[in-house]
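A quick write-up on the structure given underneath.
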Amino acid sequence: MKKESLQAAKAAYEIEYECIKGMLDYFDDEAFSKAVELLKNAPRIGASGCGHSGIICQHFAHLMCCIEQPARFVSPAEAVHGAMGFLQEGDVMVFASRGGKTKELLPILDICKRKGVKVITVTENLESPLATGADVVLKQYVNRETDKYNSQGTTSSTALCMIFHALQTALIEETDYKNEQFAVIHPGGAVGERLNK
């Protein structure tokens with residue numbers, strides 16, 4: 001391996017560490033509390049995004065299911081072809097879009113408004129359409145991506161993950177979710193073996 005490659009790899013740890021540390025400066029207690037309240041009371045939760053954001057939204061939907069808050073990833077492509085029938089009035093849709101202008105998500109926002117679905121948007125751009133059209137906006141902070149071109153969805157994915165992890169952590173407290181409940185729905189793997197001893 002080239003010396004430069006090894007240096008770049010080690011620098012990636014520092015870049016992402018600095019990002020997570022810096023995120024607390026942008027943490028909005030009021031907005032976060034509103035988001036948690038919406039998620040806590042939602043009969044169903046949808047999550048949608050494109051590219052890396054979409055992949056992390058799939059992770060978020062799974063995190064919600066792990067604490068028995070029914071959720072699913074809604075593909076932007078399928079959403080405008082009937083998949084938004086999953087969400088009804090009083091449900092919540094979570095959008096993830098760093099720039100807040102992802103064209104594939106804007107028609108879904110319109111559907112949410114027409115159906116009375118509450119919207120939480122995670123974005124850097126608080127003036128974007130997905131932010132101004134949301135009920136709650138969570139600020140995403142990204143210092144820079146880890147690659148030398150500052151273009152790959154690396155640090156931004158970690159930042160989005162961190163926000164979703166914080167939401168799940170808070171919801172466990174708010175719902176008083178018990179490990180014994182998790183044991184019932186997670187009998188598989190090493191975690192299941194430990195929980196069900």
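FYI, the numbering just counts along the sequence from 1.
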May I ask whether [X] and [Y] are part of the same hydrophobic cluster, defined by side-chain heavy atoms of I, L, V, M, F, W, Y residues being less than 4.5 angstrom apart, directly or through others?
{"X": "L126", "Y": "L160", "value": "no"}
{"X": "V94", "Y": "M84", "value": "no"}
{"X": "F164", "Y": "L38", "value": "yes"}
{"X": "I45", "Y": "I163", "value": "yes"}

Closest heavy-atom contact between [X] and [Y]?
{"X": "A83", "Y": "R72", "value": "CB-NH2, 4.4 Å"}
{"X": "K40", "Y": "T175", "value": "CG-CG2, 4.1 Å"}
{"X": "N125", "Y": "S128", "value": "O-OG, 2.7 Å"}
{"X": "A77", "Y": "V80", "value": "O-CG2, 3.6 Å"}

At what distance, to the nearest 0.5 angstrom, does [atom1] of [X] lie from [atom2] of [Y]?
{"X": "M162", "Y": "K21", "atom1": "CE", "atom2": "NZ", "value": "15.0 Å"}
{"X": "D110", "Y": "R114", "atom1": "CG", "atom2": "CZ", "value": "8.5 Å"}
{"X": "N196", "Y": "F182", "atom1": "CG", "atom2": "CZ", "value": "10.5 Å"}
{"X": "L171", "Y": "Q168", "atom1": "CG", "atom2": "CD", "value": "8.0 Å"}
{"X": "T123", "Y": "I120", "atom1": "OG1", "atom2": "CD1", "value": "14.0 Å"}

Side-chain contact test, heavy atoms from C-beta onward, threshold under 4.5 Å: evaluate it for [X] versus [Y] and give yes or no.
{"X": "V117", "Y": "Q88", "answer": "no"}
{"X": "V184", "Y": "E180", "answer": "no"}
{"X": "S75", "Y": "F73", "answer": "yes"}
{"X": "D91", "Y": "F86", "answer": "no"}

Sequence neighbours left out, cut at 3.5 Å: what donor-acceptor pairs do the side chains of residues 101-109 make with other protein atoms?
from: T102; atom 1: OG1; to: S97; atom 2: OG; distance (Å): 2.7

Pair M93-I111, side-chain contact (heavy atoms from CB on, under 4.5 Å): steps then yes or no: CA-CA 11 Å; M93 171 62 90; I111 295 170; over 6 Å; no
Quick one: does any side-chain atom of [X] pair with a main-chain N or O of [Y] as donor and acceptor, under 3.5 Å?
{"X": "N179", "Y": "A183", "value": "no"}
{"X": "T155", "Y": "E16", "value": "no"}
{"X": "E18", "Y": "I15", "value": "no"}
{"X": "N150", "Y": "R144", "value": "no"}
{"X": "K113", "Y": "G133", "value": "yes"}

Heavy atoms from other residues, nucleotides or ligands near CZ of F27 exceed 12 (cutoff 6.0 Å):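 Counting neighbours around CZ of F27, more than 12 heavy atoms of other residues, nucleotides or ligands fall under 6.0 Å, so yes.
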Exceeds 12 heavy-atom contacts within 6.0 angstrom, atom CD of Q7: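 Correct, the count exceeds 12.
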Ion pair E145/R98, N-O distance below 4.0 Å: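 Looking at E145 and R98, the cut-off is met.
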For residues 28-36, which side-chain N or O atoms pair as donor and acceptor with protein atoms under 3.5 Å away, sequence neighbours left out?
from: D28; atom 1: OD1; to: E30; atom 2: N; distance (Å): 3.0
from: D28; atom 1: OD1; to: A31; atom 2: N; distance (Å): 3.0
from: E30; atom 1: OE2; to: K34; atom 2: NZ; distance (Å): 3.4
from: S33; atom 1: OG; to: D29; atom 2: O; distance (Å): 2.8

For residues 47-56, tabulate all N or O donor-acceptor pairs below 3.5 Å that involve a side-chain atom, not counting sequence neighbours.
from: S48; atom 1: OG; to: V74; atom 2: O; distance (Å): 2.8

Name each donor-acceptor pair under 3.5 Å that joins a side chain in residues 58-71 to protein atoms two or more places apart or in another chain, with its distance.
from: H59; atom 1: NE2; to: H165; atom 2: NE2; distance (Å): 2.9
from: E68; atom 1: OE2; to: Y177; atom 2: OH; distance (Å): 3.0
from: Q69; atom 1: NE2; to: L39; atom 2: O; distance (Å): 3.0

Hey, can you pull the donor-acceptor pairs under 3.5 Å for the side chains in residues 134-142, sequence neighbours left out?
from: D135; atom 1: OD2; to: V119; atom 2: N; distance (Å): 2.7
from: K139; atom 1: NZ; to: E124; atom 2: O; distance (Å): 2.8
from: Q140; atom 1: NE2; to: S156; atom 2: O; distance (Å): 3.0

Non-neighbouring partners of E78 that pass side chain to side chain donor-acceptor pair (under 3.5 Å), sequence neighbours left out: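 For E78, no residue satisfies side chain to side chain donor-acceptor pair (under 3.5 Å) once neighbours in sequence are set aside.
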